[in-house]
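Computed from a prediction, not measured in an experiment: that's the story for all the values here.
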Amino acid sequence: MEETISLQDLFKTIKKRMSLIVGLTFLAVVIAGIISYFFLTPIYQSSTQILVNQQKAPQQQQQYDSQDIQTNLQLINTYNVIIKSPAILSKVIQNLDLDTTPAELTNNITVTSEQNSQVVTISVQDPESFRAVDIANTTAAVFQEEIKTLMNVDNVNILSPAIQQENPSPVKPNKMLNMAIAGVIGLMLGVGIAFLLEYLDTSIRKEQDVEDLLQLPILGLISPFPENKDVDVMTNVKSRRKKV
């Protein structure tokens with residue numbers, strides 16, 4: 001019985017403060033939309049893929065086995081670190097004449113590889129789509145050349161270079177996701193404020209409030225007299241006194 005009453009009070013409070021809840025939810029969505037569309041800088045992403053192979057050898061020795069592939073997979077972890085190292089990124093900055101540092105550029109580059117795969121993906125995010133393409137392709141090209149000196153191997157090939165699209169779409173910000181999250185936050189905030197106001201509201205406005213406060217049934221009500229009727233009653237009383 002207590003759970004039923006609590007549930008009824010819950011829905012009663014939500015219904016009573018529905019305008020506040022809806023208003024805060026709508027306001028949060030609008031604010032998130034304005035910030036996402038007009039204030040946040042769009043970020044574009046471009047990716048290139050490289051293939052890590054066995055070190056080149058004479059034609060009669062170019063036979064792959066599971067041990068060779070496992071060795072290549074172990075090298076990928078090392079290559080992922082080398083790609084984002086200053087030895088590579090400093091040359092990328094120099095070749096593209098970028099106004100940044102290797103430490104700042106590494107925050108915009110992500111190197112990933114699928115499990116049990118010899119394919120490494122270099123993803124670059126930048127406010128300019130064309131620059132993201134240039135950085136991705138240049139990073140792959142510089143790494144392909146520098147790995148020959150750094151590790152004395154020649155086992156890296158560019159599998160799929162980054163391509164500039166005609167109408168690229170930004171990956172950040174996700175406007176609809178931001179608005180959806182803001183809507184959920186606004187809804188939670190509205191419900192919280194509604195229950196807080198209901199908890200702080202101790203005023204008594206109707207008979208139901210008296211019953212809830214005293215936990216006693218109401219036996220009767222005294223209806224107030226309208227103001228115009230009070231005036232008529234006083235007028236009649238005065239006129240009767242004059243006649244007497």
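Around atom CD of Glu198, more than 12 heavy atoms belonging to other residues, nucleotides or ligands sit under 6.0 Å away. More than 12 heavy atoms of other residues, nucleotides or ligands sit less than 6.0 Å from atom CG of Asn107. Other residues, nucleotides and ligands contribute over 12 non-hydrogen atoms within 6.0 Å of the CG atom of Leu197. Counting heavy-atom neighbours within 6.0 Å of Gln164 CD, excluding the residue itself, gives a total above 12. Within a 6.0 Å radius of NZ in Lys172, other residues, nucleotides and ligands contribute 12 heavy atoms or fewer.
Listed for the Asp126 side chain is a donor-acceptor partner under 3.5 Å among the backbone atoms of Glu128. Under a 3.5 Å cut-off, the side chain of Thr106 and the backbone N or O of Pro102 do not form any donor-acceptor pair. Gln118 contributes a side-chain N or O that, together with a main-chain N or O of Val52, makes up a donor-acceptor pair within less than 3.5 Å. Panel note: side chain Ser160, backbone Thr48; no donor-acceptor pair is recorded below 3.5 Å. Of the possible donor and acceptor atoms, none in the side chain of Asp154 sits under 3.5 Å from a partner among the backbone N and O of Lys148. Although no hydrogens or angles enter the test, the distance criterion places a donor-acceptor pair under 3.5 Å between the side chain of Lys84 and the main chain of Ile109.
Among the candidates Val133, Asn95, Val124, Leu98, the single residue satisfying the side chain to side chain contact (heavy atoms under 4.5 Å, CB included) test with Thr138 is Asn95.
Two different hydrophobic clusters hold Val111 and Val81 under the rule that ILVMFWY side chains link at heavy-atom gaps under 4.5 Å. One hydrophobic cluster, built from ILVMFWY side chains closer than 4.5 Å, cannot hold both Phe143 and Leu159; they sit in different ones. Both Tyr37 and Val29 are members of a single hydrophobic cluster when ILVMFWY side chains are connected at heavy-atom separations under 4.5 Å. Under a hydrophobic-cluster definition in which Ile, Leu, Val, Met, Phe, Trp and Tyr are linked whenever side-chain heavy atoms come within less than 4.5 Å, directly or via other members, Met18 and Val191 are assigned to the same cluster. No continuous path of ILVMFWY side-chain contacts below 4.5 Å connects Ile31 to Ile181, so the two sit in separate hydrophobic clusters.
In this structure, the separation between OG1 on Thr139 and CD1 on Ile93 is 9.5 Å, given to the nearest 0.5 Å. Expressed to the nearest 0.5 Å, how far CG of Leu187 lies from CZ of Phe26 amounts to 14.5 Å. Distance check: Ile88 CD1 to Leu105 CG gives 12.0 Å after rounding to the nearest 0.5 Å. For the atom pair OG1 (Thr78) and CD1 (Ile147), the distance works out to 8.5 Å, reported to the nearest 0.5 Å. To the nearest 0.5 Å, atom CD1 of residue Ile21 and atom NZ of residue Lys16 are 12.0 Å apart. Taking CG of Leu51 as the start and CD1 of Ile76 as the end, the distance is 8.5 Å to the nearest 0.5 Å.
A heavy-atom distance below 4.5 Å is found between the side chains of Ile43 and Pro127. Residues Met151 and Ile82 are in side-chain contact: their nearest non-hydrogen atoms beyond the backbone lie under 4.5 Å apart. In this structure, the side chains of Gln144 and Ile50 stay at 4.5 Å or more apart for every pair of heavy atoms.
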Tyr79 vs Asn155, side-chain contact (heavy atoms from CB on, under 4.5 Å): CA-CA, chis, key distance, verdict = CA-CA 11 Å; Tyr79 287 174; Asn155 63 343; 3.0 Å; yes

request  = Quick one: do Leu20 and Ile193 satisfy side-chain contact (heavy atoms from CB on, under 4.5 Å)? Show the steps, please.
outcome  = CA-CA 8 Å; Leu20 173 65; Ile193 294 177; 3.8 Å; yes

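Summarising the geometry of Ser123 relative to Ser47, their closest heavy-atom pair is OG-OG, 2.9 Å, with the distance given to 0.1 Å. In this structure, Asn137 and Ala162 approach most closely via the heavy-atom pair OD1-N, 2.7 Å. Here the closest non-hydrogen pair linking Tyr44 and Pro170 is CE2-N, 3.6 Å.
No hydrogens or angles considered: a donor-acceptor pair under 3.5 Å links the side chains of Asn178 and Ser36.
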